**Q** 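Encoded as structure tokens, here's the structure I'll be asking about.
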Amino acid sequence: AELRAPPDKIAIIGAGIGGTSAAYYLRQKFGKDVKIDLFEREEVGGRLATMMVQGQEYEAGGSVIHPLNLHMKRFVKDLGLSTVQASGGLLGIYNGEALVFEESNWFIINVIKLVWRYGFQSLRMHMWVEDVLDKFMRIYRYQSHDYAFSSVEKLLHALGGDDFLGLLNRTLLETLQKAGFSEKFLNEMIAPVMRVNYGQSTDINAFVGAVSLSCSDSGLWAVEGGNKLVCSGLLQASKSNLISGSVMYIEEKTKTKHTGNPAKTYEVVYQIGTETHSDFYDIVLVATPLNRKMSNITFLNFDPPIEEFHQYYQHIVTTLVKGELNTSIFSSRPIDKFGLSTVLTTDNSDLFINSIGIVSSVREKEYPEPSTDGTYVWKIFSQETLTKAQILKLFLSYDYAVKKPWLAYPHYKPPEKCPSIILHDRLYYLSGIECAASAMEMSAIAAHNAALLAYHRWNGHTDMIDQDGLYEKLKTEL
Ligand SMILES: Cc1cc2nc3c(=O)[nH]c(=O)nc-3n(C[C@H](O)[C@H](O)[C@H](O)COP(=O)(O)OP(=O)(O)OC[C@H]3O[C@@H](n4cnc5c(N)ncnc54)[C@H](O)[C@@H]3O)c2cc1C
Ligand SMILES: CC(C)=CCC/C(C)=C/CC/C(C)=C/CSC[C@H](N)C(=O)O
């Protein structure tokens, strides 16, 4: 197909994994001559960030990556980064009174324990997740053939049809109840996984529920040195220009180009310190959740107007504590026989934590060694900031505690209506994909899709957008 001259300038707002991977894919599609400006008002990495505990860095936000997250895998390979194993140790589930499940070192014992308590529900749950994941993997084939989608709903429909889209409109609870899972299994096995991963209950949509349950698969990994290294690596590899400023508003304007012809462009107005600056762009990608608390970007003079976004994001606090766990809270066993490295909790409003687990620093290849005094670094997720009294309840003693509050991921409340990807002619929104599920890979998928969409729309390749029957069409192609 014929190609138009590439755009002069593209702006991306947000240098998290979404924005930096968008820069990488836009560079691949539009070539070396387009100028790409990447705006970031805080740190490159966004929700991929580390916290320091006594000179060592630990993941504070996005920490684990699934073995089938192929974009993240590819980035790490292309950027020459290394990986570390991100899971290990034994898991227990606490209901506020006792541990209702405790993992053993022996695989066969775990199988017997699970079958004894829940029958074959654990196996059936894995099969359900695998089925969703199998369909989800189709996105990689579509994107490798350069196909793009103009909405999150169309993208999901292309992966698994109406059934798949239906996952967005039902709660995980309804979906699994309908599939015959028992209350006991849902409360003791499924709810704790939703609490540790999304800080929410089984009332979240069934798609994000399946994504969350996929974290129980083996082979989870992370980037050695910190997952945020992927963002700085992509920024560099894309040869984009980082502007450390806060975007305040975007306005559509008509400007005379160097050819003498008037053309519609976007003016991006941003602040660096107390100074206000502005610049004009042919294409703009917004790679940050659009709501007042998180990005506070106004769209001026658009016709039709761009509506305000009201997606409510879940408040979660990550606390890292280096200390000796008070295991007697969870179990009557002597401390040296406790053996668990992660405790998840059931949905019990009396509990002030969602989960607690031992973590490795971003440079440790293996499961952490205890320090000479027997203490570990523990990561705690809670809805609210922990008080000193609460930390003292959890630990017999502690050397150090540090916390980071997040507006972490959407508060899921199906039926989900996902925001548009195309906000205006050449203005694209990536973070709407989080209404389906928030994860690093989801942002990378949205970024690849937005780059392809921007490219095809720029060149008028409508045959590469929202194609029906892609799965059948590409089935036989290598
Ligand atoms: C505690 C926690 C644990 C998580 N665990 C996992 C996990 O284990 N695995 C996983 O896959 N995912 C996990 N996630 C989710 C994952 O981190 C996110 O889905 C992903 O990082 C989102 O990336 P993003 O680039 O889309 O958005 P962000 O990382 O939020 O990037 C947006 C960027 O835009 C910037 N910005 C905002 N407004 C403006 C403005 N006006 N001007 C300029 N810049 C602006 C922000 O500062 C930010 O850096 C977790 C998230 C949290 C919070
Ligand atoms: C997108 C697909 C198919 C899979 C991604 C699975 C995945 C890694 C989801 C992340 C879920 C999430 C938000 C986890 C947060 S907590 C992670 C970890 N347990 C921790 O302790 O930090």
Side-chain angles (χ1 to χ4, degrees), residues 7-24 26-27 34-52 57 59-62 225-253 255 265-302 306 308-311 313 315 317-318 385 402-408 423-424 426-431 443 447 450:
D8 291 333
K9 284 180 81 177
I10 302 179
I12 303 170
I13 302 159
I17 188 65
T20 54
S21 49
Y24 189 72
L26 285 165
R27 177 66 70 208
V34 57
K35 186 169 185 287
I36 303 176
D37 284 345
L38 189 46
F39 292 90
E40 174 53 57
R41 69 173 180 191
E42 288 173 27
E43 298 287 320
V44 170
R47 276 173 277 167
L48 306 187
T50 53
M51 287 198 292
M52 293 294 267
E57 275 181 280
E59 294 290 358
N227 294 325
K228 65 181 179 186
L229 293 184
V230 175
C231 302
S232 46
L234 291 171
L235 169 64
Q236 205 183 11
S238 68
K239 297 193 164 61
S240 305
N241 171 42
L242 177 68
I243 299 179
S244 300
S246 182
V247 172
M248 294 150 65
Y249 58 88
I250 305 173
E251 185 170 1
E252 194 200 12
K253 289 239 166 111
K255 205 168 164 253
T265 75
Y266 297 115
E267 183 178 23
V268 172
V269 180
Y270 57 99
Q271 220 168 10
I272 300 178
T274 51
E275 279 181 34
T276 302
H277 305 255
S278 85
D279 220 331
F280 291 91
Y281 296 91
D282 301 301
I283 297 175
V284 177
L285 270 70
V286 180
T288 172
L290 277 173
N291 64 48
R292 272 206 207 143
K293 280 192 184 161
M294 294 175 83
S295 50
N296 201 16
I297 299 169
T298 309
F299 297 96
L300 286 182
N301 296 328
F302 280 88
I306 295 172
E308 257 208 52
F309 292 77
H310 296 288
Q311 175 71 286
Y313 270 61
H315 178 259
V317 183
T318 309
T385 303
V402 58
K403 62 170 191 296
K404 188 164 174 66
W406 295 100
L407 286 173
L423 296 183
H424 189 256
R426 284 159 287 112
L427 173 60
Y428 300 94
Y429 181 39
L430 274 65
S431 310
S443 292

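Since the structure is predicted, the reported quantities are computational estimates derived from the model, not experimental observations. Note: hydrogens, waters and symmetry copies are ignored here, and every other heavy atom, side chains too, is used.
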**Q** If we only count heavy atoms from C-beta on, is the Asn241 to Ile36 side-chain gap below 4.5 Å?
**A**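 Asn241 vs Ile36: side chains apart.
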**Q** Short question: side chain of Glu40, backbone of Glu42 - any donor-acceptor pair under 3.5 Å?
**A**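 Side chain of Glu40 to backbone of Glu42: a pair is present.
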**Q** What distance separates Leu430 CG from Ser443 OG, expressed to the nearest 0.5 Å?
**A**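 With rounding to 0.5 Å, CG (Leu430) is 7.5 Å from OG (Ser443).
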**Q** Quick one: CG on Leu26 to CD1 on Ile10, what's the gap to the nearest 0.5 Å?
**A**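 Nearest 0.5 Å value for the CG-CD1 distance: 4.5 Å.
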**Q** Side chains of Val269 and Ile250: closer than 4.5 Å at any heavy-atom pair?
**A**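 Side-chain contact under 4.5 Å: no.
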**Q** Would you check if there is a donor-acceptor pair between the side chains of Asn301 and Glu252 at a distance under 3.5 Å?
**A**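 No, because no side-chain N or O of Glu252 sits under 3.5 Å from a partner of the opposite role on Asn301.
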**Q** Where is the tightest heavy-atom contact between Thr50 and Glu59, given as atom of each residue plus distance?
**A**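 Smallest interatomic distance, heavy atoms only, reads CG2-OE1, 4.1 Å.
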**Q** Using the test salt bridge (Lys or Arg N to Asp or Glu O under 4.0 Å), find all partners of Glu57 that sit at least two apart in sequence or belong to another chain.
**A**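 Once residues adjacent in sequence are excluded, the partners of Glu57 under the salt bridge (Lys or Arg N to Asp or Glu O under 4.0 Å) criterion are Lys228.
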**Q** I'd like to check Val230 versus Ile17 (side-chain heavy atoms, cut-off strictly below 4.5 Å). Are they in contact?
**A**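 Yes, their side chains come closer than 4.5 Å.
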**Q** Taking atom CD1 of Ile13 and atom OH of Tyr429, what is their separation to the nearest 0.5 Å?
**A**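 Separation between the atoms: 11.5 Å.
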**Q** So, Glu251 side chain and Leu300 main chain: donor-acceptor pair closer than 3.5 Å or not?
**A**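 Here the side-chain-to-backbone pair does not exist.
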**Q** Is there a side-chain contact between Gln271 and Val247 in this structure, where contact means two heavy atoms from C-beta onward sitting under 4.5 Å apart?
**A**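 Not in contact.
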**Q** Ignoring hydrogens and geometry, is there a side-chain-to-backbone donor-acceptor pair from Tyr428 to Ala447 under 3.5 Å?
**A**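 No: the side chain of Tyr428 does not pair with the backbone of Ala447.
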**Q** Which residues satisfy the salt bridge (Lys or Arg N to Asp or Glu O under 4.0 Å) test with Glu275, sequence neighbours excluded?
**A**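 Here no residue qualifies.
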**Q** Which atoms form the tightest heavy-atom contact between Leu38 and Gly19, and what is the distance?
**A**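 Closest heavy-atom pair between Leu38 and Gly19: CD1-O, 4.1 Å.
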**Q** List the atom of Arg41, the atom of Ser246, and the distance in Å for their closest heavy-atom pair.
**A**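 Scanning both residues completely, I find the closest heavy atoms to be CD-OG, 3.4 Å.
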**Q** Applying ring-ring contact (aromatic ring centres under 6.0 Å, His included), can you list everything that pairs with Tyr270, at least two apart in sequence or on another chain?
**A**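 Tyr270: ring-ring contact (aromatic ring centres under 6.0 Å, His included) contacts with Phe39, His277.
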**Q** Would you say the side chains of Ser278 and Glu267 form a donor-acceptor pair under 3.5 Å?
**A**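 A donor-acceptor contact under 3.5 Å links the two side chains.
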**Q** Please check if atom OH in Tyr249 has more than 12 non-hydrogen atoms from other residues, nucleotides or ligands closer than 6.0 Å.
**A**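 Incorrect, the count does not exceed 12.
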**Q** Just verifying a value: how many Å separate Leu48 CG and Asn227 CG, rounded to the nearest 0.5 Å?
**A**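 Rounded to the nearest 0.5 Å, the CG-CG separation comes out at 6.0 Å.
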**Q** What residues, two or more places apart in sequence or in another chain, satisfy side chain to side chain donor-acceptor pair (under 3.5 Å) together with Ser238?
**A**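 Ser238 satisfies side chain to side chain donor-acceptor pair (under 3.5 Å) with Ser240 once adjacent residues are dropped.
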**Q** Strictly distance-based, threshold 3.5 Å: is any side-chain N or O of Arg47 a donor or acceptor partner for the main-chain N or O of Gly62?
**A**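 It does not hold such a pair.
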**Q** Quick check: closest heavy atoms across Ala49 and Trp406, and the distance to 0.1 Å?
**A**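 Closest heavy-atom pair between Ala49 and Trp406: CB-CH2, 4.0 Å.
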**Q** Show me the donor-acceptor pairs, under 3.5 Å and distance only, between side chains in residues 281-293 and residues at least two apart or in other chains.
**A**
from	atom 1	to	atom 2	distance (Å)
Tyr281	OH	Asp37	OD2	2.6
Asp282	OD1	Lys257	NZ	3.1
Asp282	OD2	Asp8	N	2.7
Asp282	OD2	Lys9	N	3.0
Asn291	OD1	Lys293	N	3.2
Asn291	OD1	Met294	N	2.9
Asn291	ND2	Gln311	O	3.1
Arg292	NH2	Glu308	OE1	3.4
Arg292	NH2	Glu308	OE2	2.6

**Q** Does Tyr313 have any ring-ring contact (aromatic ring centres under 6.0 Å, His included) partners at least two apart in sequence or in another chain, and if so, which?
**A**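 Tyr313: no ring-ring contact (aromatic ring centres under 6.0 Å, His included) contacts found.
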**Q** Determine whether Met52 and Val402 make a side-chain contact, defined as any pair of heavy atoms from C-beta on separated by less than 4.5 Å.
**A**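 No, every pair of side-chain atoms sits at 4.5 Å or beyond.
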**Q** Does the side chain of Ile306 come within less than 4.5 Å of Leu427's, by heavy atoms?
**A**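 Yes, side chains in contact.
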**Q** So do the side chains of Thr318 and Lys403 get within less than 4.5 Å of each other, counting heavy atoms only?
**A**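 No. Closest side-chain heavy atoms not under 4.5 Å.
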**Q** Would you confirm whether the ring centroid of His424 sits within less than 6.0 angstrom of the ring centroid of Phe299?
**A**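 Here the rings of His424 and Phe299 have centres that are no less than 6.0 Å from each other.
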